[in-house]
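Let me begin by presenting the structure, written as C-alpha cells, before commenting on it.
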Amino acid sequence: MEVLVHGAGALGSLVGGLLAPAHDVTLVGRNPHMRRVREEGLRIEGAVEARVRPRAVTDGRHRSADLALVTTKAYDTDAAARALATGEYGAVCSLQNGLTEERLVAALEPPVLAGTASYGARLLGPGRVRCTGVGKVAVGALAGGESPLADRVARAFDDAGIEVGAAADMPRRRYEKLAVNAGINGPSALARVTNGEVLEGPARGIAREAAREVGRVAAAAGADLTPDEASDALERVARDTAPNRSSMCEDVAAGRRTEVEAIYGAVLERADERGVAVPTCRTLGSVIRAWEAGRELREK
C-alpha cells in the first residue's frame with residue numbers, strides 16, 4: 001500500500017517507520033529531520049529497534065497515495081487539510097489528539113477514518129525517533145459501524161507487524177481518547193511529571209475528575225461512554241505509559257505551543273452545547289492558555 005504520513009514528527013515518524021518495511025511510505029515533515037532521513041534513513045530506537053528508508057519530503061502538496069495518515073499537531077489540522085486537498089488519496093485517517101476528524105471531512109473529498117494510536121514516541125533529533133512504548137492502533141468509520149475501508153487499512157498495519165483493530169465503536173473511542181488526554185496532558189504539563197506520576201501523585205484526583213467530565217459530555221452526546229469508564233481508561237493508559245511524558249508536558253518543557261484547544265477547547269465546546277458542567281477541564285484549559293499567553297505562544 002502507498003502511505004503518506006503528513007506530519008512526521010515523533011508519532012508520525014514512528015508509525016511511518018514501522019509501516020515502511022511492508023509498504024511504500026512517504027513522510028512529510030520539516031528539515032533538518034526530513035533531510036537526514038533522505039540522506040541516512042530513519043533510525044528507530046527504544047522499545048522497537050529498526051533502520052528504514054522511507055521517502056522524506058517537506059512539501060505535502062500535490063501528492064498521491066492509497067492512504068494519508070494525519071499526525072500533525074491538532075492546531076495544524078487545517079494546514080494539513082489544505083495540503084492534502086491538492087492531492088489524490090484513497091482514504092485519510094487521523095491519528096491526532098483531540099477531535100479533528102470533522103475538520104478533515106469538511107475540507108477533503110476522500111473518506112476520512114478516525115484512528116487512535118497508543119504508541120509512545122519521542123523525536124531524539126534529525127533522523128532519530130525513540131519508541132517509548134509499544135501500543136496499539138485502532139481505525140474505524142467516524143460515525144461507527146462496520147467499514148470495509150477500515151478493514152483494509154487495518155490489514156495494512158497488520159502486514160507491518162503493528163497490533164491493530166478495525167473498530168466499529170469509534171464514537172466511543174474518540175471520547176475515550178479525549179478523556180485520557182484531558183486527564184493526563186494538563187496535570188502532567190503543569191506539574192512537569194510523567195504519566196505514571198500523574199496517577200500516583202497528588203494530581204490523581206484532578207486527572208480522574210477531568211476524565212469523568214469528558215465521560216459526562218460523551219454520555220450527553222450519545223456516545224457509549226460513562227464517567228466511570230472514562231476514568232478507568234485514564235488509569236489504564238497512565239499505568240501502561242507510566243514512564244512517558246505526555247505531548248503537552250513535552251511542549252511546555254520546550255516552551256512550545258500546546259494542543260490545549262484540541263483537548264480542553266474541544267471538551268468545553270461540546271459541554272457548553274449540551275449544558276454539561278466541566279469545571280476541572282475549564283480550569284486546566286484556562287491555566288494552560290495563561291501559560292501560553294505569558295510566553296506569546298497563542299495566536300492573535
Ignoring hydrogens, what is the shortest heavy-atom contact between [X] and [Y]? Give both atom names and the distance.
X    : Y    : value
A166 : D151 : CB-OD1, 3.2 Å
L95  : L11  : O-CD2, 3.7 Å
A74  : Q96  : CA-NE2, 3.8 Å
R212 : S231 : CG-CB, 3.8 Å
P54  : L27  : CG-CD1, 3.8 Å
A68  : Y89  : CB-CD2, 3.7 Å

Side chain of [X], backbone of [Y]: donor and acceptor closer than 3.5 Å?
X    : Y    : value
R295 : W291 : yes
S188 : N195 : no
H23  : V3   : no
N185 : N181 : yes
R53  : E40  : yes
R82  : A107 : no
E296 : A293 : no
R192 : A189 : yes
Y264 : A182 : yes

Crowding at [atom1], [X] (>12 non-hydrogen neighbours, <6.0 Å):
X    : atom1 : answer
E102 : CD    : yes
E88  : CD    : no
E146 : CD    : no

Could you state the interatomic distance from [atom1] ([X]) to [atom2] ([Y]), rounded to the nearest 0.5 Å?
X    : Y    : atom1 : atom2 : answer
L199 : R239 : CG    : CZ    : 6.5 Å
R30  : T58  : CZ    : OG1   : 10.5 Å
I288 : L297 : CD1   : CG    : 11.5 Å
R257 : M248 : CZ    : CE    : 11.5 Å
S246 : N97  : OG    : CG    : 9.0 Å
L4   : D66  : CG    : CG    : 11.0 Å

inquiry  = Determine whether R155 and M1 satisfy the following criterion, side chain to side chain contact (heavy atoms under 4.5 Å, CB included), listing intermediate values before the conclusion.
reply    = CA-CA 10 Å; R155 285 196 297 272; M1 177 179 282; over 6 Å; no

Among the clusters formed by ILVMFWY side chains lying less than 4.5 Å apart, do [X] and [Y] turn up in the same one?
X    : Y    : answer
L225 : L268 : yes
I162 : V237 : no
V28  : V15  : no
L19  : V70  : no
V25  : L69  : yes

Quick one: do [X] and [Y] make a salt bridge, cutoff under 4.0 Å?
X    : Y    : answer
E200 : R204 : no
K136 : E163 : yes
E250 : R256 : no
D272 : R282 : yes
R216 : E209 : yes
E2   : R63  : no

task = Starting from the C-alpha separation in whole Å, work towards a yes-or-no answer on salt bridge (Lys or Arg N to Asp or Glu O under 4.0 Å) for R208 and E235.
result = CA-CA 8 Å; R208 283 174 55 89; E235 297 220 11; 2.4 Å; yes

Is [Y] close to [X] at the side-chain level, that is, under 4.5 Å between some pair of heavy atoms?
X    : Y    : result
R298 : E261 : yes
L284 : P187 : yes
L99  : E269 : no
T132 : P243 : no
L142 : V105 : yes
R270 : Y175 : yes
T241 : S118 : no
R38  : N31  : yes

Test E101 against M170 for side chain to side chain contact (heavy atoms under 4.5 Å, CB included), laying out the working first. CA-CA 11 Å; E101 289 87 353; M170 286 310 298; 5.9 Å; no

inquiry  = D224 vs D169, test: side chain to side chain contact (heavy atoms under 4.5 Å, CB included). Steps then yes/no.
reply    = CA-CA 8 Å; D224 185 22; D169 60 344; over 6 Å; no

### Query
Would L18 and V48 count as a side chain to side chain contact (heavy atoms under 4.5 Å, CB included) if you check the C-alpha gap in whole Å, the side-chain angles of each, and the deciding distance to 0.1 Å?
CA-CA 9 Å; L18 294 176; V48 178; 3.8 Å; yes

### Query
With distance as the sole criterion, is a donor-acceptor pair present between the side chains of T100 and T77 under 3.5 Å?
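Per modelled atom types, T100 and T77 side chains form no pair under 3.5 Å.
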
When you check the side-chain N and O atoms of T280 and E213, is any donor under 3.5 Å from an acceptor?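 Looking only at side-chain atoms, E213 and T280 do form a donor-acceptor pair, the distance falling under 3.5 Å.
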
